4 protein chains.
Amino acid sequence: MELNNKQLEIIGIAKALFAQHGFDATSVRDIAQRAQINVAMINYYFNSKENLLEVLIKHGIEAYKLDASQYNTEADAFLRLEKMVEHYVESKFSDLHLYQILTNEANNKKRESYSILFKELRRHNIQCLREVISYGVEQGVFHFYDPVLLHTSMIGTFLNFKMNKSVIEEFIDIPKGMSFEEYLKIELTKHLKYILKAILTYEN
Amino acid sequence: MELNNKQLEIIGIAKALFAQHGFDATSVRDIAQRAQINVAMINYYFNSKENLLEVLIKHGIEAYKLDASQYNTEADAFLRLEKMVEHYVESKFSDLHLYQILTNEANNKKRESYSILFKELRRHNIQCLREVISYGVEQGVFHFYDPVLLHTSMIGTFLNFKMNKSVIEEFIDIPKGMSFEEYLKIELTKHLKYILKAILTYEN
Amino acid sequence: MELNNKQLEIIGIAKALFAQHGFDATSVRDIAQRAQINVAMINYYFNSKENLLEVLIKHGIEAYKLDASQYNTEADAFLRLEKMVEHYVESKFSDLHLYQILTNEANNKKRESYSILFKELRRHNIQCLREVISYGVEQGVFHFYDPVLLHTSMIGTFLNFKMNKSVIEEFIDIPKGMSFEEYLKIELTKHLKYILKAILTYEN
Amino acid sequence: MELNNKQLEIIGIAKALFAQHGFDATSVRDIAQRAQINVAMINYYFNSKENLLEVLIKHGIEAYKLDASQYNTEADAFLRLEKMVEHYVESKFSDLHLYQILTNEANNKKRESYSILFKELRRHNIQCLREVISYGVEQGVFHFYDPVLLHTSMIGTFLNFKMNKSVIEEFIDIPKGMSFEEYLKIELTKHLKYILKAILTYEN
DNA sequence: AATGAATGAGACTTCATTCAT
DNA sequence: TATGAATGAAGTCTCATTCAT
């Protein structure tokens, strides 16, 4: 699955369009026009529109996998948790379009096959989260909380944050010179750190 | 916007199909076939497919609005918060299909107009949440936390819970004789109560 | 499988085009243009081009089946055989286009399913032929000859006669005022009668 | 029209595919893939797909021409006729694919030019047949019968025999250890000899 | 009030061919 | 000599919508 520059360019454009309009509402013509290529090129490079989606997902999904080595260096459980959150947010922001596609299409009955990749990703990230929790429990600073539920809240918060750009913009003044994306990233990180720590230390 | 029985039936079927396959991937023929009516009927009753979506959203969205009278009777801030969560979850579960449609289509650039309704809903619910928080602050049991962020986590958690049925099923044993939907409802309620309380009482 | 006038008209035009250019080389546009209808109409009435072929074959193939009652009235075996030949040629000439389509497409691997209908037709006609032969054998005027082989020669002769219009025209002067088709029909009938009688009475 | 090995290989593969699926249903990609060559190669060597067909026909058609020297050695008219039949069948069997292509495409209006070659072949073979008949007439053992009609029956019988493999298989038990092709060849030869002799000696 | 017939627009895809290398 | 990249044309089919009844 080696992709040349042309293919990567097409993928980039397709990602943006799929994310904005949905897979079904995006025509190969739209993609071709934006990429300034012939319509037939998409099939030439990807065989079909459906396969383009598959390649596009497979190609990008790895970036979303948490990499324990990025935060395991922290001995303090709280710091490790925080670092994990930073790493987590960073990874999602590296390709916001794809994440939106994934969430939209994962629900689509027709495209269940791609949700397998999505599932696998979740499994991996949940496991990473479990390990961070366990570490804190061992250190005596966290009590255990189901990582599936935690992960659900993390990811859900992230997605909603992103999806509700317009609502949030209405309620919050973004400091000058800062893009919404930057602001969102900072606030999201702060918020996620906060809720994770709150949940893992809360005494019911 | 008075709807007769035939229209309501069409709306019900359209909702289910839009939720499962997406708006674009659902043809008016699909709807007509399931509703055992003529294809022309949909345009006859709703003018256009697009307008059917609009009517369908407008018709159902009210059910999602929090109604303060349902939980304001509780004097204890914690109980009030819990009751609000119960009410919140209940309202979403009353029409899961529509909620899925809303989240999927709200992102769609082409259909920004519908997201206005969605935004309005959010504004309303955020305000309700703000009031509950303020009440707890007044009572001296909560510290303040931004209701926009809280709401984002609530709704995001809910959506992800629902969307990830299959992942969750893999990790959790559902008690016999209980449907996934029932279980999801119970666990989700419990989890939401927990995280809200945790966040609102956590000392950073 | 009731066909309305529009459908019958389309079938007629499609038959002529499929026969002349082959199924693959005939586009639905060609058919639509000739029938002076919208391209979409063909799919509207027949679902697909492939299905149009199927309907077209199923609709017409019955006419090719020999009907014993048409010649069984003849007590003399020779006359019965001759009458059968006349009936046989007549039936083929009633729809030359379809017969050409059948022979062309029966060979096509992709369209094996239609050849089932063709096979069934052959089985029927071979059985009819067998009965006529048996009758002559009973009467003591024919000796038995394999009807499968006989049928093969009959049908092959017919097809080749038809296919080689241009070669035949070169060798034979057609009487004035007679169309090639008429002449072909007369000559073919005469020839078929001759070879059948020759074969069934030849002492090797 | 000198053909190198690569060209001959392409022709062989194209023949098989054209015969099985028809000219229109065979893409140059199919041919290229089977021949393990680049798609552009076919145009490079043959200029166009259409021309490939022409070259392929021109290259192979000679094999089908009857060669009087193969059977003229027989003094006995019956034996000469039989030998001609053997030679005739043999020549067709040397390249069954091409023969199927010829018969399929000869009918096609779009490709009338190739049918010229086909016509020329028929003319030649009809002439050969005429000579054999005349010889028998001279010998006083045959009465004259139009060679055009005889040839039509011969070729038609052959083609139908071949085309109806499946029908014939159903009616006839092929001896063990014999392929259908072998059986067909033997039976066909026998049958053709029989009908020719029957026709040429039958007293109406 | 309701619908069957019909259609124009546009979807994806495949095709034979060309061109620069 | 040979080929990978690229393309315009055309293919079939599906779509939402309209219109006469």
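Within every chain, numbering begins at 1; the chains are lettered A, B, ... in the order of the sequence lines, protein sequences first and strands thereafter. None of these values were measured; they are calculated from a predicted model.
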For residues 34-46 of chain C, which side-chain N or O atoms pair as donor and acceptor with protein atoms under 3.5 Å away, sequence neighbours left out?
| unit_1 | atom_1 | unit_2 | atom_2 | d |
| --- | --- | --- | --- | --- |
| Asn38(C) | OD1 | Ala40(C) | N | 2.7 |

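- The side chain to side chain donor-acceptor pair (under 3.5 Å) check on Gln33(D) picks up nothing, with sequence neighbours excluded.
- The side chain to side chain donor-acceptor pair (under 3.5 Å) check on Asn51(A) picks up nothing, with sequence neighbours excluded.
- Within 4.0 Å of Phe46(B), counting heavy atoms only, lies no atom of the nucleic acid at all.
- Listed by chain and number, the residues in a ring-ring contact (aromatic ring centres under 6.0 Å, His included) with Phe23(C) are Phe18(C) (sequence neighbours excluded).
- Rounded to whole Å, atom C1' of dA10(F) lies 14 Å from atom CD of Gln33(C).
- Summarising the geometry, the separation between CD1 on Ile37(D) and P on dG4(F) is reported as 11 Å, rounded to the nearest angstrom.
- Looking at Leu102(A) and Leu117(A), their side chains never come closer than 4.5 Å, going by heavy atoms from C-beta outward.
- Taking atom CE of Met41(D) as the reference point, atom P of dG4(F) lies 10 Å away to the nearest angstrom.
- Computed from coordinates, the Leu52(B) CG to dC15(F) C1' distance equals 15 Å when rounded to whole Å.
- Not a single salt bridge (Lys or Arg N to Asp or Glu O under 4.0 Å) links Lys49(B) to another residue, sequence neighbours left out.
- Every residue two or more places apart in sequence or in another chain was checked for a side chain to side chain donor-acceptor pair (under 3.5 Å) with Gln7(D), and none qualifies.
- For DNA chain E, no neighbouring residue in residues 6-18 of chain B is found when judged by any heavy atom under 4.0 Å.
- In this structure, the salt bridge (Lys or Arg N to Asp or Glu O under 4.0 Å) partners of Glu120(A), at least two apart in sequence or on a different chain, are Lys65(A).
- Counting heavy atoms from C-beta outward, His97(C) and Asp95(C) have side chains that approach closer than 4.5 Å.
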Q: Produce a footprint string for nucleotides 16-21 of chain F: one letter per nucleotide, 5' end first; B if the base is under 4.0 Å from any protein heavy atom, S if only the sugar-phosphate is, - if neither.
A: BBB---
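- If you take CG of Asn4(B) and P of dA2(E), they are 8 Å apart, rounded to a whole angstrom.
- Judged as a side chain to side chain donor-acceptor pair (under 3.5 Å), and not counting sequence neighbours, the contacts of Ser27(D) are Asp30(D).
- Checked against salt bridge (Lys or Arg N to Asp or Glu O under 4.0 Å), Lys6(D) has the following partners two or more places apart in sequence or in another chain: Glu9(D).
- Atom C1' of nucleotide dG4(F) and atom CD of Gln36(D) are separated by 17 Å, given to the nearest angstrom.
- The distance from atom CD1 of Ile42(C) to atom P of dT7(E) is 11 Å, rounded to the nearest whole Å.
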**Q.** For DNA chain F, the dot-bracket pattern of Watson-Crick and G-U pairs whose distances stay under 3.5 Å, | for other-strand partners
**A.** .||||||||||||||||||||
